[in-house]
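Only a predicted model underlies this, so the values are computations on that prediction, with no experimental measurement involved. Every chain is numbered from 1, with letters handed out A, B, ... down the list of sequences.
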Number of protein chains: 2
Amino acid sequence: MTTSEWVASLSAERASLTRASTAGRVAEILRAHITEGRLLPGTRLSEEDIGSALGVSRNTLREAFRLLTHERLLVHEFNRGVFVRRLSVADVHDLYRFRRILEVSAIRQAARLDAATRDARLDLVRQAVEEGEHAGAESRWVDVGTANMHFHQTVAALADSPRVDEAMQHVLAELRLVFHVMGAPQTFHEPYLADNRRILDLLVAGSWDAAADALDDYLGVAEAQLVEAYTG
Amino acid sequence: MTTSEWVASLSAERASLTRASTAGRVAEILRAHITEGRLLPGTRLSEEDIGSALGVSRNTLREAFRLLTHERLLVHEFNRGVFVRRLSVADVHDLYRFRRILEVSAIRQAARLDAATRDARLDLVRQAVEEGEHAGAESRWVDVGTANMHFHQTVAALADSPRVDEAMQHVLAELRLVFHVMGAPQTFHEPYLADNRRILDLLVAGSWDAAADALDDYLGVAEAQLVEAYTG
DNA sequence: CATGCAGGATTGTTCAACAATCTGTCAATA
DNA sequence: TATTGACAGATTGTTGAACAATCCTGCATG
């Protein structure tokens, strides 16, 4: 999809610009388009074009851009415009370092959750695992990737911390940028289905340390695979 | 300092509005005023007043506000304006939960750093500890608090991760909001000087797990103290 | 005291305008 | 041929004015 085609498709989004602030809604629309791969890393976002397509003024659009730069989805280059962020290999390493901290700590701290909260959270993890397995059974690899992300978001949610949840959302949104550049969803998502199930089983059994160690290893493997392909 | 006095003091900041984007510079100014306690939690920021005082248009100011809301320093209430964020007790708990994850993990992962990086980082930790001890010897308790924050920022930097660094900056900025409301800096910062030195010694000795456990306990004590005082 | 209404203040957004900056193209020169 | 400089066009960054919508406060009434 070229940029101009994408801009044209924005006109269809006009109807959703109601309620809440327009700037916020514009940011939501852009965020969805970025994380769903309709706007690829490196793409330049023209204020004029996008403003016209969405029927909003440039000022409002600039506010929306500001909302998205802190989520690291956009990068704002002074006097040159706004671009969808292109991640470097160092970014990928740092993302894995950061998510390892978040997810592994979340598991280790899950032991402190009260039983009701813990069980509710584990149920969400289970749902994500099953979502992935179903999608895999039907060879819907993009959906497997999405379910994998849900899995990791639910694992991080074991930390029972809104700030961890938000940080994890940002991590996963950035990772989507990487995956969209890569293509080949089967390669990057299928191998982890069995690992997700294994980690879930360890979690359900209350083997927190074993689950944390397993996830630590898993992320190491995933990181190495992704970096090799990203630099390849 | 009342809001109107503060707004008047902004006029003095005009000279610094050069280079880079004006919106970015406005955000820097506001950020500094918030984290330095000149704008207290709950304060409402009037577009008209602040725009006039800084000599910028309302549109530019709105962009700056958007930059700061994601840092959680400001909270944007639709159709009601922008306020300096007021943290709840739940926020305090979550901040400590999050910082515990960041700092404790950073220490545990420091073992993986190469010697040169690790030594450089530990030297920064040492500097922050000494900064605090000097300020304490002269009963400069606000400076002790500042040094304590440097200490924690340098501890988190052991993770060698830009994303951890940034997350930690945000945590500490939010915590400043809490401390500004509390007053009594000696109460909240002095008791931890000795602990900081102890943790530094453990880090220098390479006793990563012992240091991590010590910091975990320390944060638990600090959290309890702060929450008790915050709920009053 | 509680409720409703009016008025004023402010926010959210749009539009137009202009200065500054960047990028691409073309011509001149070595 | 390669490099440099000039110029034009496009775009960004910012300002200011305007207006609709919303909120808040104060006052009147029951």
Side-chain angles (χ1 to χ4, degrees), chain A residues 2-4 6-8 10-11 13-30 39 42-70 73-86, chain B residues 2-4 6-8 10-11 13-30 39 42-70 73-86:
Chain A
T2 68
T3 302
S4 56
W6 173 77
V7 169
L10 276 181
S11 300
E13 306 273 1
R14 282 198 189 183
S16 64
L17 295 184
T18 58
R19 302 194 311 159
S21 78
T22 301
R25 293 292 296 163
V26 168
E28 277 180 34
I29 290 165
L30 294 179
L39 277 181
T43 307
R44 189 168 163 288
L45 308 189
S46 149
E47 296 176 4
E48 184 61 49
D49 292 346
I50 296 173
S52 299
L54 287 181
V56 301
S57 80
R58 279 180 54 224
N59 286 115
T60 300
L61 187 58
R62 292 179 64 85
E63 284 194 41
F65 284 159
R66 296 295 190 178
L67 286 174
L68 291 171
T69 54
H70 256 78
L73 297 182
L74 297 182
V75 58
H76 190 120
E77 296 188 18
F78 185 60
N79 265 338
R80 288 192 4 93
V82 171
F83 302 79
V84 179
R85 185 183 290 273
R86 192 181 265 140
Chain B
T2 68
T3 302
S4 58
W6 173 78
V7 169
L10 276 181
S11 300
E13 306 274 2
R14 282 196 190 182
S16 64
L17 294 185
T18 59
R19 302 194 313 159
S21 77
T22 301
R25 293 292 295 163
V26 168
E28 277 180 31
I29 291 165
L30 295 179
L39 277 181
T43 306
R44 189 166 163 290
L45 308 189
S46 150
E47 296 176 4
E48 184 61 50
D49 292 344
I50 296 173
S52 298
L54 288 181
V56 302
S57 81
R58 277 180 55 220
N59 285 119
T60 301
L61 186 58
R62 293 180 63 85
E63 284 194 41
F65 285 160
R66 296 294 190 178
L67 286 174
L68 291 172
T69 55
H70 256 77
L73 297 182
L74 297 181
V75 58
H76 189 119
E77 295 187 21
F78 185 60
N79 265 337
R80 289 191 4 93
V82 171
F83 302 79
V84 180
R85 185 184 289 273
R86 189 182 267 139

Closest-nucleotide mapping onto DNA chain D: is A:Val82 or A:Asn59 further toward the 5' terminus? I mean the 5' end. A:Val82

Grab the [atom1]-[atom2] distance between [X] and [N] for me, whole Å please.
| X | N | atom1 | atom2 | answer |
| --- | --- | --- | --- | --- |
| B:Leu61 | C:dT13 | CG | C1' | 15 Å |
| A:Glu77 | C:dT21 | CD | P | 17 Å |
| A:Glu63 | D:dT15 | CD | P | 14 Å |
| A:Phe83 | C:dT23 | CZ | C1' | 12 Å |
| A:Arg66 | D:dT14 | CZ | C1' | 11 Å |
| B:Arg80 | C:dG12 | CZ | P | 11 Å |
| A:Arg44 | D:dT11 | CZ | P | 7 Å |
| A:Phe78 | D:dT11 | CZ | C1' | 13 Å |

N or O in side chain of [X] less than 4.0 angstrom from [N] OP1/OP2:
| X | N | answer |
| --- | --- | --- |
| A:Thr60 | C:dT14 | yes |
| B:Arg62 | C:dT11 | no |
| B:His76 | C:dG12 | yes |
| B:Thr22 | D:dT14 | yes |

Using heavy-atom distances to pick each residue's nearest nucleotide on DNA chain C, tell me which of A:Asn79 and B:Glu48 is more 5'. B:Glu48

Residues B:Val26 and B:Val56: closest non-hydrogen pair is CG2-CG1, 4.1 Å

Nearest heavy-atom contact between B:Glu47 and B:Leu61 is O-CD2, 3.3 Å

For the side chain of B:Glu47, counting heavy atoms from C-beta on, which of C:dT11, C:dT14, D:dC24 is nearest? C:dT11

Classify the side chain of A:Arg58 versus the base of D:dG13 as yes if they form a donor-acceptor pair under 3.5 Å and no if they do not. yes

Using modelled atom types only, decide if a donor and an acceptor are shared between the side chain of A:Arg44 and the backbone of A:Arg80 within a distance under 3.5 Å. yes

Nearest-0.5 Å distance that lies between atom CG in B:Leu67 and atom NE2 in A:His76: 8.5 Å

Can you measure from CG (A:Leu68) to CD (A:Glu28) and round to the nearest 0.5 angstrom? 10.0 Å

